[in-house]
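Worksheet for the structure shown next.
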Amino acid sequence: AKVFGTALGATASVTVVAGLPHGPQSVVSGTGLATATAGTAASLSVTARDALDNVATVLETDAPKLGISVVSANVPGVGDVSVTTTSVAAALPNGFTVSYTATVAATYRLSLTYNAVSLKATPVSVVVSAGAVSAAACDVSGSGLKGGLVSTTLSFDVTARDQFGNKAVSASTSFAVVITPTTTALTPSTISSGVQSVTYSHSSAASLSIAVTYSGTAISGSPFASSIVAVIPPPTATKCDIAGTLVARTTANVPSVTTSATTANAGTTVFRVVP
């Protein structure tokens, strides 16, 4: 006798194939699962598995079923950031390739789903760091950049940034600072956490030129003009301003305070008025 074409008592070969891809069992791998660099595509690989953890087979038409979301909440000065540059493709026969590109350095929440169900061990946190330093994006801050009094220690900070304006906290190459004339006393400094503090002084009144470069390229605005003076000019009436409660109103028998100061910060005068 035969059953389905096979004689009773005979040995038959049976092939068991994996079931359909199942999100909760499918596995994600790749460096992009933990870190990424601003402006550089981060890659991931997804190995599709069925509900019983067998490696499953995927088709090109399965790619749209895999979803990716990369969002960072409350980036200082920016707010919520959603990465829109993402891609998903079927990696036949057993998975998918995924990539995303972020331009804001921050910590993101990376979510991957299949048929709207989260993949195994997701979502995860991904740290996106600043890219390579771009001299054109670096900036300088500090009153010392504009100059000051003779023989006074003046200072300013130079901040390393990538092409997207992210602070390059991991930058290891220091800025080169050259002040002309070279008789200026310049204190050597090195970059730390993306910021390099520069201090200098000049022994006589002069107009200085401060050139700042990174790896041989001038940063934005360089060279800068600095003016060293013997004394701070006296206040100019037309450049003074006034502020305080009595400017708008005051209360009888209650002292009010207002100030008058010049834009050159030469001094401040405090007035007390009792109506």
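Side chains are part of it too, since the values below use all heavy atoms of this structure and drop only hydrogens, waters and symmetry mates.
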**Asked** If you measure only the distance, is there a donor-acceptor pair under 3.5 Å linking the side chains of T37 and S129?
**Response** no
**Request:** Is it possible for you to say whether V70 and V78 belong to one hydrophobic cluster, with membership spreading through side-chain heavy-atom contacts below 4.5 Å?
**Result:** yes
**Asked** What's the spacing between F96 CZ and D62 CG if we round to 0.5 Å?
**Response** 5.0 Å
**Asked** According to a 4.5 Å side-chain heavy-atom criterion applied to Ile, Leu, Val, Met, Phe, Trp and Tyr, with indirect links allowed, do V27 and V124 form part of one hydrophobic cluster?
**Response** no
**Asked** Would you find a donor on one side and an acceptor on the other, under 3.5 Å apart, between the side chain of T103 and the backbone of A38?
**Response** no
**Prompt:** About how many Å separate CG of L52 and NE2 of H22, when rounded to the nearest 0.5 Å?
**Reply:** 9.0 Å
**Request:** Could I get the full list of salt bridge (Lys or Arg N to Asp or Glu O under 4.0 Å) partners for D50, not counting sequence neighbours?
**Result:** none
**Prompt:** Same hydrophobic cluster for L208 and F224, using side-chain heavy-atom links shorter than 4.5 Å among ILVMFWY?
**Reply:** yes
**Prompt:** Under 3.5 Å, side chain of N166 to main-chain N/O of A105, donor-acceptor pair present?
**Reply:** yes
**Item:** Point-to-point distance, once rounded to the nearest 0.5 Å, from CD1 of I179 to NE2 of H202
**Value:** 9.5 Å
**Prompt:** Does Y108 reach the main-chain N or O of A73 with its side chain, forming a donor-acceptor pair under 3.5 Å?
**Reply:** no
**Item:** Nearest-0.5 Å distance, CZ of residue F175 to OG of residue S222
**Value:** 10.5 Å
**Prompt:** Under a 4.5 Å side-chain heavy-atom rule over Ile, Leu, Val, Met, Phe, Trp and Tyr, are L92 and L20 clustered together?
**Reply:** no
**Prompt:** Quick one: are R161 and T159 in side-chain contact, heavy atoms under 4.5 Å?
**Reply:** yes
**Request:** Check the pair N54 / R49 against side-chain contact (heavy atoms from CB on, under 4.5 Å), numbers first and verdict last.
**Result:** CA-CA 5 Å; N54 299 299; R49 293 181 177 274; over 6 Å; no
**Request:** Please confirm whether the backbone N or O of V55 pairs with a side-chain atom of N94, one donor and one acceptor, at under 3.5 Å?
**Result:** no
**Item:** Residues D157 and S141: side-chain donor-acceptor under 3.5 angstrom
**Value:** no
**Request:** Look at the side chain of S99 and the backbone N and O of S43, then say whether any donor-acceptor pair between them is shorter than 3.5 Å.
**Result:** no
**Message:** For a quick check under 3.5 Å, do Y200 and S155 share a side-chain donor-acceptor pair by atom type?
**Reply:** no
**Asked** Applying the 4.5 Å side-chain criterion to the ILVMFWY set and letting contacts propagate, would V104 and F164 be lumped into a single cluster?
**Response** no
**Request:** Starting from the C-alpha separation in whole Å, work towards a yes-or-no answer on side-chain hydrogen bond (donor to acceptor under 3.5 Å, both in side chains) for T199 and T153.
**Result:** CA-CA 7 Å; T199 58; T153 299; over 6 Å; no
**Asked** Does the pair L66 and V46 meet the rule for a side-chain contact (heavy atoms from CB on, under 4.5 Å), with working shown?
**Response** CA-CA 10 Å; L66 189 72; V46 178; 4.2 Å; yes
